[in-house]
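To keep things clear, I will list the structure first and then write my remarks on it.
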2 protein chains.
Amino acid sequence: MNTATDTTTAAEHAHTTAWIASVLRARIAAGQLTPGSKLSEQSLSESLGVSRNTLRQAFATLAGESIVTRIPNRGVFVAAPGVEEVREIYRVRRTIEPAAVLWGRPTPAQLDAMDAIIRKARAARDAGSVPEMANANQAFHEAVVSLTGSELLRELMDKVLAEMRLVFHAMSAAPDFHTHYVDRNAAVVEQLRRGENERAAADLRAYLDAAESELLGHLEGEAPNR
Amino acid sequence: MNTATDTTTAAEHAHTTAWIASVLRARIAAGQLTPGSKLSEQSLSESLGVSRNTLRQAFATLAGESIVTRIPNRGVFVAAPGVEEVREIYRVRRTIEPAAVLWGRPTPAQLDAMDAIIRKARAARDAGSVPEMANANQAFHEAVVSLTGSELLRELMDKVLAEMRLVFHAMSAAPDFHTHYVDRNAAVVEQLRRGENERAAADLRAYLDAAESELLGHLEGEAPNR
DNA sequence: TGAGTGAATATTGTTGAACAATCTGTGAAT
DNA sequence: ATTCACAGATTGTTCAACAATATTCACTCA
């Protein structure tokens, strides 16, 4: 049950290039390819059994998703988000997410889905499973953005959340970052159910501010440079 | 700038693929390549003087920007936004733009820049220059999104505005769509200057609703199918 | 010893040709 | 007229090569 970004999925050898792109995406998301590491065209094309040309095309796709950075004549590297990138991530989230809860009109089905996500998050917290909690948290924020009904905004949120995962992978020891926020997520849903959209938006903004500060604190302490 | 079709022996080694991508982008934006038209790999690679392989890579980039759609084994076509795409465009704008004015803290410089844009729009309207008005309108909404300080959101807005231009190109006779909205833009800036952010956000949302309705009306009347 | 220099090497960027897979359109047979 | 098959055209992918740029490393000279 991966919630990785799915584009044109399934269909095995439909397009080799899309297949390769998804393989690389999965490996990066799984932390198998650590941020900053170089992706050599020759070795990768050999190990994946594809031409250097199609691999290159897959690189173009991944670069468009900004989970890989391309330096001319130097090669492509797994994106290594730093302090500035984290700030940018939260600039986006602080704009989109509160707007979604402020002006969104949640259907009962959407509210129930969010409640289900909250339950899963609580179960993961009680079980002490950090990856499960990370997944649930990501699902929650995707559900929030889905309130806008916009596919483009959902894609942007996907991109941003993928970058978030890279940030966590870049930190040597990932703390239980999400523990504090499970209940705040639940509070937002409760306010939405009561129709207190303005309150929910304000709380969500404060919540995001706190999360950014905490994350930046960890990041500064762990890896000041690079 | 140059619209020369021949790249005989000039302009090499400046990242051919990016160059080709920008050339195609410019031609599409200029309406030289109309929405729905097919981009043949063979003829384009010949006329542009590049390999079919690098052209293909440029296609991957443009597809990532969704100004071109790729149909497997059929080819790539200039995106032809329809009714559903217009609705999606306004879902995005109705989320991002009001959020930017509601939670943004405009600097005096930003306000002055917006005033300058308004002046340009008024001059264009008085001169009856539709393209100038379109440019000014686009600049205004980019300035609005810039209030968030986010580069990613600005890029998304760019993408959306590029799609808007395709919509206009798809309409046989583009009416003076922007005429009505120059003063409403000015009103938003005025409210921002007075610190009435909530009012500005509400007005902007109503404004976007009206624009969407008008555009959809034109679109239904002009080209009902594909 | 250490810093600067320059050739040797490796990697990326681009090309052209080739072949497989798929789609399109035409014509023949029923 | 409908269906089927076959040839033609276009896209998807691979391979081998070369040009351009980066990196490495040995070497000279203070």
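Throughout, a chain's letter reflects where its sequence line sits, starting with A, and its residues are numbered from 1.
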May I have the distance from [X] (atom [atom1]) to [N] (atom [atom2]), rounded to whole angstrom?
X        : N       : atom1 : atom2 : answer
Gln57(B) : dT12(C) : CD    : C1'   : 11 Å
Gln42(B) : dG16(C) : CD    : P     : 13 Å
Glu46(B) : dG16(C) : CD    : C1'   : 13 Å
Leu39(A) : dT12(C) : CG    : P     : 10 Å
Phe77(A) : dT11(C) : CZ    : P     : 12 Å
Leu55(B) : dG16(C) : CG    : C1'   : 14 Å
Lys38(A) : dA10(C) : NZ    : P     : 13 Å
His15(B) : dT12(C) : NE2   : C1'   : 10 Å

Practice item. Measure from the side-chain heavy atoms of Asn53(B) and tell me the nearest of dG12(D), dT10(D), dT15(C). Key: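 Closest nucleotide to the Asn53(B) side chain: dT15(C).
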Phosphate OP1/OP2 of [N] contacted by [X] side-chain N/O (<4.0 Å):
X        : N       : value
Thr54(A) : dT14(D) : yes
Arg70(B) : dG12(D) : yes
Ser51(B) : dT14(C) : no
Ser40(B) : dT10(D) : no
Arg74(B) : dT24(C) : yes

Check your understanding: Any sub-3.5 Å donor-acceptor pair from Glu46(A)'s side-chain atoms to Ser43(A)'s backbone N or O?
Key ->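 No, Glu46(A) side chain to Ser43(A) backbone: no donor-acceptor pair under 3.5 Å.
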**Study point:** Expected output: side-chain Ser66(A) to main-chain Ala63(A) donor-acceptor under 3.5 Å
**Key:**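 No, Ser66(A) side chain to Ala63(A) backbone: no donor-acceptor pair under 3.5 Å.
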Practice item. Check whether any side-chain heavy atom of Glu163(B) lies under 4.5 Å from a side-chain heavy atom of Glu88(B), and answer yes or no. Key: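 The answer is no; the side chains never approach within 4.5 Å.
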Check your understanding: Does atom NZ of Lys120(A) have more than 12 heavy-atom neighbours, drawn from other residues, nucleotides or ligands, at distances under 6.0 Å?
Key ->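 No, because the 6.0 Å sphere around NZ of Lys120(A) holds 12 heavy atoms or fewer from other groups.
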Practice item. If the plane angle is over 60° it's perpendicular, under 30° parallel, otherwise tilted; pick one for His178(A) and Phe168(A). Key: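 If you compare the ring of His178(A) with that of Phe168(A), the planes turn out perpendicular.
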**Study point:** Most 5' of Glu41(B) and Asn73(A) on DNA chain D, judged by nearest nucleotide
**Key:**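 Its nucleotide being nearer the 5' end, the pick is Glu41(B).
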Practice item. Could you tell me whether the side chain of Arg52(B) has a donor or acceptor atom within less than 3.5 Å of a complementary atom in the base of dT13(D)? Key: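 In this structure, the two groups form a donor-acceptor pair.
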